[in-house]
Participant: 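Submitted below is the structure of interest, expressed as structure tokens.
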Amino acid sequence: MISTSQSLLESTYYNLPPFIFKLYWLLMEYMNEVEGKSVHDYYYQQHQEEVKMRRPTIWVWGPVIVGVGPSGLAAAASLKEKGIPSLILERAHYLASMWQLKTYGRLCLHLPKQFCQLPLMPFPNNFPSYPTKQQFLAYLKAYVDHFDIKPAFSKTVVSVDFDHRCGFCRVKTTTPQQGGLKKDAEETGYVCQWLIVALSFSMQRDTLIHICIQIFEHPK
């Protein structure tokens with residue numbers, strides 16, 4: 001059943017004066033043509049790239065660390081102990097995503113805990129020799145709290161460009177917006193002198209290879 005408002009809208013549309021209807025139709029045709037041509041317009045695409053370059057850029061006074069797993073946390077804590085700030089970028093919105101999503105519930109560490117602990121903070125004495133998955137995740141959370149590490153979550157690294165003229169890395173990330181559409185993702189740029197890639201090869205192989213290729217194509 002068609003609502004009254006819908007019927008009114010349709011009647012208004014079809015009862016437009018002929019010249020208004022023709023003008024509307026020509027305008028829509030023109031807009032479609034412009035949109036189609038802009039896709040293949042080199043100067044338009046260059047303009048769009050320039051607009052993207054003006055999006056938020058953050059200067060990082062220390063290394064940017066990609067990945068907030070055990071390796072990334074160890075790097076951040078060790079740097080902080082030496083008075084060096086850093087920023088961790090993480091694609092997921094939580095800590096140690098591989099441990100949380102890609103491991104089975106009954107998992108225990110395969111080596112004694114003294115060989116698996118992170119720098120500067122041993123496992124609690126009451127933990128067994130082979131801590132469980134849940135105990136290890138609790139240990140990582142306590143590690144983050146102890147060293148006051150504040151990762152930037154939901155930041156997917158999409159490109160890394162080493163600028164050999166100034167000796168700095170430009171890291172671009174995207175943050176999904178509500179609805180999850182790729183085209184609506186918010187882009188942020190980071191500029192740093194050092195980049196630490198602390199990704200799990202088994203979980204983020206494509207991203208790791210992509211970043212390394214971009215770095216080594218522009219050696220210092």
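Heavy-atom basis, side chains included; hydrogens, waters and symmetry copies ignored.
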Participant: Donor-acceptor pairs are to be reported for all side-chain atoms of residues 142-156 against protein atoms at under 3.5 Å, with residues two or more places apart or in another chain.
Facilitator:
unit_1 : atom_1 : unit_2 : atom_2 : d
Y143   : OH     : P119   : O      : 2.7
D145   : OD1    : K141   : NZ     : 3.2
D145   : OD2    : K141   : NZ     : 2.8
D148   : OD1    : K150   : NZ     : 3.4
K155   : NZ     : T175   : OG1    : 3.2

Participant: Does one hydrophobic cluster hold both V197 and V157, with members joined at side-chain heavy-atom distances below 4.5 Å?
Facilitator: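 Yes; V157 is reachable from V197 via cluster members.
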
Participant: Could you go through L140 and L118, starting from their C-alpha distance and side-chain angles, then the distance that decides it, and tell me whether this counts as side chain to side chain contact (heavy atoms under 4.5 Å, CB included)?
Facilitator: CA-CA 9 Å; L140 293 182; L118 302 188; 3.8 Å; yes

Participant: Side chains of V158 and T173, heavy atoms from C-beta outward: is any pair under 4.5 Å?
Facilitator: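 With C-beta onward as the side chain, the pair stays apart.
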
Participant: Using the test side-chain contact (heavy atoms from CB on, under 4.5 Å), find all partners of S71 that sit at least two apart in sequence or belong to another chain.
Facilitator: A198

Participant: I'd like to check L199 versus V66 (side-chain heavy atoms, cut-off strictly below 4.5 Å). Are they in contact?
Facilitator: yes

Participant: Locate the shortest heavy-atom distance separating F162 from C169; write the atom from each residue and the value.
Facilitator: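 In terms of heavy atoms, the two residues are closest at CD1-SG, 3.7 Å.
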
Participant: I'd like to know if the side chain of E90 and the backbone of V68 have a donor-acceptor N/O pair within less than 3.5 Å.
Facilitator: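 Yes, because the side chain of E90 sits within donor-acceptor range (under 3.5 Å) of the backbone of V68.
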
Participant: Between T103 and K133, is any side-chain donor less than 3.5 angstrom from a side-chain acceptor?
Facilitator: yes

Participant: For L95 and Q100, which heavy atoms make the closest approach, and how far apart are they?
Facilitator: O-NE2, 2.6 Å

Participant: Look up atom SG in C108 and atom CD in Q135, then write down how far apart they are to the nearest 0.5 Å.
Facilitator: 7.5 Å

Participant: Return the minimal non-hydrogen interatomic distance between W99 and P70, and the atom names on each side.
Facilitator: NE1-CG, 4.1 Å

Participant: Can you find a heavy atom in the side chain of F136 that is under 4.5 Å from one in the side chain of Y130?
Facilitator: no

Participant: Mind checking whether S129 and K113 have side chains closer than 4.5 Å, heavy atoms only?
Facilitator: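 No - every pair of side-chain heavy atoms lies 4.5 Å or more apart.
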
Participant: With rounding to the nearest 0.5 Å, note down the distance linking CG in L120 to NZ in K80.
Facilitator: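 NZ of K80 is found 12.0 Å from CG of L120.
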
Participant: So, using side-chain contact (heavy atoms from CB on, under 4.5 Å) as the criterion, who are the partners of P122 when residues are at least two apart?
Facilitator: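 Once residues adjacent in sequence are excluded, the partners of P122 under the side-chain contact (heavy atoms from CB on, under 4.5 Å) criterion are Q117.
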
Participant: What distance separates I88 CD1 from L73 CG, expressed to the nearest 0.5 Å?
Facilitator: 5.0 Å

Participant: Looking at CH2 of W194 and CD1 of I65, how far apart are the two atoms once the value is rounded to the nearest 0.5 Å?
Facilitator: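 Atom-to-atom, W194:CH2 and I65:CD1 are 12.5 Å apart.
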
Participant: What are the two closest non-hydrogen atoms of C192 and V171, and how far apart are they?
Facilitator: SG-CG2, 4.4 Å

Participant: Is there a side-chain contact between S86 and V64 in this structure, where contact means two heavy atoms from C-beta onward sitting under 4.5 Å apart?
Facilitator: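 Contact flag for S86/V64 side chains = no.
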
Participant: Using a cut-off of 6.0 Å, state whether more than 12 heavy atoms not belonging to W61 lie near its atom CH2.
Facilitator: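 At most 12 heavy atoms, drawn from other residues, nucleotides or ligands, come within 6.0 Å of this atom.
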
Participant: Begin from the C-alpha positions of I196 and L79 and carry the test side chain to side chain contact (heavy atoms under 4.5 Å, CB included) through to its verdict.
Facilitator: CA-CA 11 Å; I196 300 174; L79 289 166; 4.1 Å; yes

Participant: Can you name the closest pair of heavy atoms from C116 and L109 and give their distance?
Facilitator: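 That would be CB-CD1, 3.7 Å.
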
Participant: Rounded to the nearest 0.5 Å, how far does CD of Q193 lie from CG of L195?
Facilitator: 12.0 Å

Participant: When rounded to the nearest 0.5 angstrom, what distance separates CD1 in I58 from OG1 in T188?
Facilitator: 6.0 Å

Participant: Can you name the nearest heavy-atom pair linking Y139 to P124, along with the distance?
Facilitator: CD1-CD, 4.3 Å

Participant: With a cut-off of 6.0 Å (strictly less than), are more than 12 heavy atoms of other residues, nucleotides or ligands near CG of N125?
Facilitator: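 No, the 6.0 Å shell around CG holds no more than 12 heavy atoms from other groups.
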
Participant: If hydrophobic clusters are built from ILVMFWY residues whose side chains come within less than 4.5 Å, do I84 and F168 share one?
Facilitator: no

